[in-house]
Amino acid sequence: MTGTTPVPPPPGLHLPRYLREEAAARTPVAHPDYRSTALRAPLRTPVDLPHRLTEVTGPVLGEDRVQPTDADLTWRNGGEAIGQRILVYGRVLDSDGRAVPGALVEVWQANASGRYRHVVDNWPAPLDPHFDGLGRVVTDALGRYEFMTIKPGAYPWGNHHNAWRPAHIHFSLFGRAFTQRLVTQMYFPDDPLFGQDPIYNAIPPAARHRAVSRYSLDRTQDNWALAFEWDIVLRGTDQTPFETEDDGDVA
């Protein structure tokens with residue numbers, strides 16, 4: 001979720017200011033129907049802190065630790081995950097539409113039954129021994145990323161009566177330092193649960209399409225996997241809706 005920062009920052013090393021999305025398209029940090037935001041939304045206007053030299057130059061991510069198999073979530077522990085295979089791909093772009101190379105893109109998601117491999121997930125759906133729901137990749141020179149994974153299932157989450165979350169995949173993006181992290185969620189087109197999901201509906205209507213992937217017939221693989229395209233824009237008037245902290249969702 002995005003916030004507002006009209007207060008001038010204190011002295012220090014300041015990064016450039018960028019154009020922001022229109023106020024009508026900006027996701028609020030508090031949304032009454034999304035109950036957990038009542039406890040974690042700031043009560044005062046956030047203030048930008050100046051970045052010091054060490055915060056914008058390190059620590060580095062260690063791209064060599066990312067292995068090619070990390071981008072294929074369909075094969076774990078010597079076996080194949082259960083569910084509909086999907087290819088999720090896109091580009092990471094800045095506010096001017098330029099590619100962002102070298103960004104670490106990490107994903108986590110529920111399995112085909114809508115269950116996370118997480119100690120606090122007590123939804124009585126089966127775990128898949130060959131699916132951990134975790135993946136990562138570094139964007140190439142054109143800012144491209146892609147994952148082969150399983151389409152996640154819907155699951156109940158207790159926000160309100162008969163509350164079910166639409167199918168979605170969590171994304172985390174790191175820039176050149178660990179202080180440069182953004183977190184968001186990607187949805188699938190035409191999900192029937194959009195109308196009752198307060199997280200999705202916390203995004204203003206004008207910006208909701210930025211959180212929804214597009215089905216791609218061109219990249220769908222014959223007899224193997226459906227494909228969904230989703231570009232991530234880091235800032236500016238077309239910015240992807242991001243979260244500020246833990247959204248209260250199980251991950």
Side-chain angles (χ1 to χ4, degrees), residues 59-92 101-157 164-174 178 181-189 191 193 213-232 246-251:
V60 297
L61 299 172
E63 291 88 342
D64 57 332
R65 298 180 181 179
V66 179
Q67 301 299 314
T69 54
D70 292 344
D72 185 355
L73 286 70
T74 66
W75 189 269
R76 292 288 189 273
N77 302 318
E80 189 170 16
I82 296 172
Q84 170 64 60
R85 295 184 204 89
I86 58 171
L87 173 68
V88 177
Y89 72 99
R91 300 178 70 196
V92 179
L104 176 65
V105 181
E106 297 177 301
V107 295
W108 66 95
Q109 65 167 92
N111 66 20
S113 299
R115 184 167 178 181
Y116 291 94
R117 185 172 292 280
H118 193 285
V119 293
V120 302
D121 189 347
N122 56 11
W123 158 231
L127 286 170
D128 184 342
H130 302 302
F131 188 79
D132 60 16
L134 305 173
R136 59 182 180 176
V137 70
V138 175
T139 56
D140 66 11
L142 298 179
R144 296 176 298 192
Y145 75 86
E146 66 178 55
F147 294 96
M148 182 63 74
T149 184
I150 297 295
K151 187 171 184 180
Y155 58 86
W157 65 304
W164 292 75
R165 293 234 51 215
H168 61 279
I169 298 177
H170 298 265
F171 276 70
S172 165
L173 291 92
F174 279 107
F178 281 115
R181 187 192 186 203
L182 294 170
V183 177
T184 186
Q185 299 181 27
M186 184 205 85
Y187 297 88
F188 294 87
D191 196 308
L193 297 174
S213 59
R214 299 176 296 279
Y215 170 66
S216 171
L217 180 61
D218 291 340
R219 292 295 307 273
T220 290
Q221 299 179 8
D222 186 31
N223 288 315
W224 190 252
L226 299 175
F228 295 88
E229 181 180 15
W230 192 53
D231 291 338
I232 303 170
D246 180 9
D247 65 358
D249 196 4
V250 175

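- A search for ring-ring contact (aromatic ring centres under 6.0 Å, His included) contacts involving Trp123 returns Trp164, not counting sequence neighbours.
- You'll find the side chain of Lys151 stays beyond 4.5 Å of the side chain of Leu226, heavy atoms only.
- Across all non-hydrogen atoms, the minimal contact from Ala225 to Thr220 is O-CG2, 3.2 Å.
- For the side-chain hydrogen bond (donor to acceptor under 3.5 Å, both in side chains) condition, the pairs that include at least one residue of residues 130-140, sequence neighbours left out, are Asp70-Arg136, Arg76-Asp132, Asp140-Arg144.
- Every residue meeting the ring-ring contact (aromatic ring centres under 6.0 Å, His included) condition with Phe188, not counting sequence neighbours, appears here in chain and number order: Phe228.
- Proximity of Arg85 to Glu80: side-chain heavy atoms (C-beta onward) are separated by under 4.5 Å at one or more points.
- Contact of the Thr69 side chain with the Trp75 side chain is not registered, since no non-hydrogen atoms from C-beta on lie closer than 4.5 Å.
- A distance of 4.5 Å separates CD1 of Ile86 from CD1 of Ile169, quoted to the nearest 0.5 Å.
- Using a 4.5 Å heavy-atom cutoff, the side chains of Val107 and Thr149 are not in contact.
- Residues Arg214 and Asp231 form a side-chain contact, since some pair of their non-hydrogen atoms from C-beta on lies under 4.5 Å apart.
- Under the 3.5 Å distance criterion, the side-chain polar atoms of Asp191 are left unmatched by any main-chain donor or acceptor of Pro166.
- Asp128 places a side-chain N or O within donor-acceptor distance of the main-chain N or O of Ile82, the cut-off being under 3.5 Å.
- Between Ser216 and Tyr89 the shortest heavy-atom distance is OG-OH, 3.0 Å.
- For the pair His170/Tyr116, a side-chain contact is recorded, criterion being any heavy-atom separation below 4.5 Å from C-beta on.
- Across every non-hydrogen atom of Trp108 and Ser172, the tightest pair is CZ3-CB, 3.6 Å.
- Taking the side chain to side chain contact (heavy atoms under 4.5 Å, CB included) definition, one finds that Asp72 meets it with Thr74, Met148, sequence neighbours left out.
- The backbone N or O of Phe174 sits nowhere less than 3.5 Å from a side-chain atom of Glu106 that would complete a donor-acceptor pair.
- Taken from CD in Gln185 to CD in Gln109, the straight-line distance is 12.0 Å, to the nearest 0.5 Å.
- Across every non-hydrogen atom of Ala112 and Gly83, the tightest pair is CB-CA, 3.9 Å.
- Qualifying salt bridge (charged side-chain N to carboxylate O under 4.0 Å, His left out) partners for Glu146, counting only residues two or more places apart in sequence or in other chains: Arg219.
- The minimum heavy-atom distance linking Gly135 with Phe147 is given by the pair C-CE2, 3.7 Å.
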Checklist line | side chain to side chain contact (heavy atoms under 4.5 Å, CB included) between Leu87 and Trp224, intermediate numbers included | finding: CA-CA 10 Å; Leu87 173 68; Trp224 190 252; over 6 Å; no
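- Qualifying ring-ring contact (aromatic ring centres under 6.0 Å, His included) partners for Phe171, counting only residues two or more places apart in sequence or in other chains: Tyr145, Trp230.
- The minimum heavy-atom distance between Ala167 and Pro152, with the atom names listed, is CB-O, 3.3 Å.
- For the pair Leu127/Arg117, a side-chain contact is recorded, criterion being any heavy-atom separation below 4.5 Å from C-beta on.
- Residues Pro126 and Arg115 form no side-chain contact, since every pair of their non-hydrogen atoms from C-beta on lies 4.5 Å or further apart.
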